[in-house]
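These notes concern the structure reproduced below.
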Amino acid sequence: IAEGRHIDVIEMDAASNTGVDDVREIIEQVRYAAVSARYKIYIIDEVHMLTTPAFNALLKTMEEPPAHVKFILCTTEPHKVLPTIQSRCQRFDFRPISIPRIAAHLADVLARESIEADEAVVLRVARLANGSMRDGLSILERIVAAADGRLDAELLERVLGVPPEDIVRDVVAAIGGGDLAGTLRAMSTLLGEGLAPERALDGIAERFRLLLAAGVCGADPEILGTGPDEAAALVEEAANFEPEQLVHMIALCDAASARVRVSASPRAILDAAVARMAMSERFARAASLLAGDAIASTPTKKKRL
């Protein structure tokens, strides 16, 4: 089964086979008993990609399946599976794996393979895995394949094309200090690494997320997914921001990232976005003054004597 050669285990990719004809082929085959196993197993991956007519065609078979047949429906979007199909299934939800647990397994793999790696690299790969152990191992494998010695941050950034953390840190620090010139210089350095503007914004947004978590929750490794030293540094850096600021800046990064993908002047939007973040206090003061002027200029009714 693991090698994909078992005759009684049939897998279908619903992302590529979405129509009624593809489902009809399964319906025709289920009548035949298993050859060597107790059950005949049909695994339908990305089942939510099936069309509504295909779902309806499959429904009859799932309502009254032959005793020798089992269906396994896999999906990342269960809400798109028809309720009539869901009502006839047992549901098993696979939760994202925590960053520390992924990092521990990756470190164990590296130790068994006698490969040296910086702790920060292992933790960053665990964060990039987004809760998937398979993705974490795939990312690690790419880095190991390109390595010629110890795995370090520079190698990870070069192989994966992710924003360098030290430069992102400089951008965020300049924003936190309200240093407009420093922000634009650091951003220019970041783009000089060959990053697309949206990738740069994604890196900055992720840094703001870490600062938000550190400022609110403290040096919690489960949430931050960093080592003790970096967690302490994040808590210290987070003191330069209010949680409301960080939430607003993450939203700005998201909005700017969407716009630079379709803009003819992505650099202008990028610089304007980070400049607005660096000048957030000035914008707030200006808004406060305008509000005050509006209140002062509102005429009051005179009382009649």
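Positions are given from 1, in the same order as the sequence printed here. All values below come from the heavy atoms of this structure, side chains included, with hydrogens, waters and symmetry mates left out.
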Could you measure the distance from the [atom1] atom of [X] to the [atom2] atom of [Y]? Nearest 0.5 Å is fine.
X: Ile175; Y: Arg276; atom1: CD1; atom2: CZ; value: 13.0 Å
X: Glu11; Y: Ile44; atom1: CD; atom2: CD1; value: 10.5 Å
X: Ile43; Y: Asp13; atom1: CD1; atom2: CG; value: 12.0 Å
X: Cys74; Y: His48; atom1: SG; atom2: NE2; value: 11.5 Å
X: Leu201; Y: Arg259; atom1: CG; atom2: CZ; value: 11.5 Å
X: Glu157; Y: Leu195; atom1: CD; atom2: CG; value: 9.0 Å

- [ ] Take Leu140 and Leu151 through the side-chain contact (heavy atoms from CB on, under 4.5 Å) test and state the conclusion after the steps.
- [x] CA-CA 10 Å; Leu140 185 64; Leu151 309 186; 4.1 Å; yes
Output yes when a side-chain donor or acceptor of [X] lies under 3.5 Å from a complementary backbone atom of [Y], and no otherwise.
X: Thr183; Y: Asp179; answer: yes
X: Arg88; Y: Thr84; answer: yes
X: Asp118; Y: Asp152; answer: no
X: Glu77; Y: Met49; answer: no
X: Asp8; Y: Ala37; answer: yes
X: Arg207; Y: Val172; answer: no
X: Gln86; Y: Pro78; answer: yes
X: Arg199; Y: Gly161; answer: yes
X: Lys80; Y: Thr75; answer: no

Could you check if a side-chain atom of [X] sits within less than 4.5 angstrom of a side-chain atom of [Y], using non-hydrogen atoms only?
X: Arg38; Y: Lys70; value: no
X: Glu193; Y: Val162; value: no
X: Val121; Y: Leu155; value: no
X: Glu165; Y: Leu156; value: no
X: Pro163; Y: Ile204; value: no
X: Val30; Y: Phe71; value: yes
X: His6; Y: Ile41; value: no
X: Glu198; Y: Pro266; value: no

Between [X] and [Y], is there a shared hydrophobic cluster once you connect ILVMFWY residues whose side-chain heavy atoms come closer than 4.5 Å?
X: Leu128; Y: Val144; value: yes
X: Met249; Y: Val235; value: no
X: Val159; Y: Ile167; value: no
X: Ile223; Y: Ile102; value: no
X: Ile72; Y: Val9; value: yes

- [ ] Would you indicate whether Asp93, at its atom CG, is surrounded by more than 12 heavy atoms from other residues, nucleotides or ligands within a distance under 6.0 Å?
- [x]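 Yes - once you tally the heavy atoms of other residues, nucleotides and ligands closer than 6.0 Å, there are more than 12.
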- [ ] Give a yes or no on this: more than 12 heavy atoms of other residues, nucleotides or ligands lie within 6.0 Å of atom CD of Glu154.
- [x]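 Check fails, neighbour count at 12 or below.
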What are the two closest heavy atoms between [X] and [Y], and how far apart are they?
X: Tyr39; Y: Ala67; result: CE2-O, 3.5 Å
X: Leu224; Y: Gly218; result: CD1-O, 3.7 Å
X: Phe241; Y: Gln245; result: CA-OE1, 3.5 Å
X: Ala34; Y: His68; result: N-CD2, 4.2 Å

- [ ] Assess whether side-chain contact (heavy atoms from CB on, under 4.5 Å) is satisfied between Val109 and Glu141, documenting all intermediate values.
- [x] CA-CA 10 Å; Val109 170; Glu141 186 177 11; over 6 Å; no
Open item on the list: Using the rule given for side-chain contact (heavy atoms from CB on, under 4.5 Å), can you reason through Val47 versus Ile85, listing the C-alpha separation, both sets of side-chain angles and the distance that settles it, and then say yes or no?
Closed with: CA-CA 11 Å; Val47 70; Ile85 295 287; over 6 Å; no
TODO: Evaluate side-chain contact (heavy atoms from CB on, under 4.5 Å) for Leu110 paired with Val122, printing each intermediate quantity in order.
DONE: CA-CA 9 Å; Leu110 291 171; Val122 177; 3.8 Å; yes
Open item on the list: Under 3.5 Å, is there a donor on one side chain and an acceptor on the other for Arg261 and Ser257?
Closed with: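 Checked: Arg261/Ser257 side chains pair up, N/O donor to acceptor below 3.5 Å.
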- [ ] Indicate yes or no: does Glu237 engage Arg169 in a salt bridge with an N to O separation below 4.0 Å.
- [x]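 Not counted as a salt bridge, because no side-chain N and carboxylate O are separated by less than 4.0 Å.
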TODO: Give me the one residue out of Leu270, Asp170, Val168 that meets side chain to side chain contact (heavy atoms under 4.5 Å, CB included) with Met187.
DONE: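 It is Leu270, the one option of Leu270, Asp170, Val168 that forms the side chain to side chain contact (heavy atoms under 4.5 Å, CB included) with Met187.
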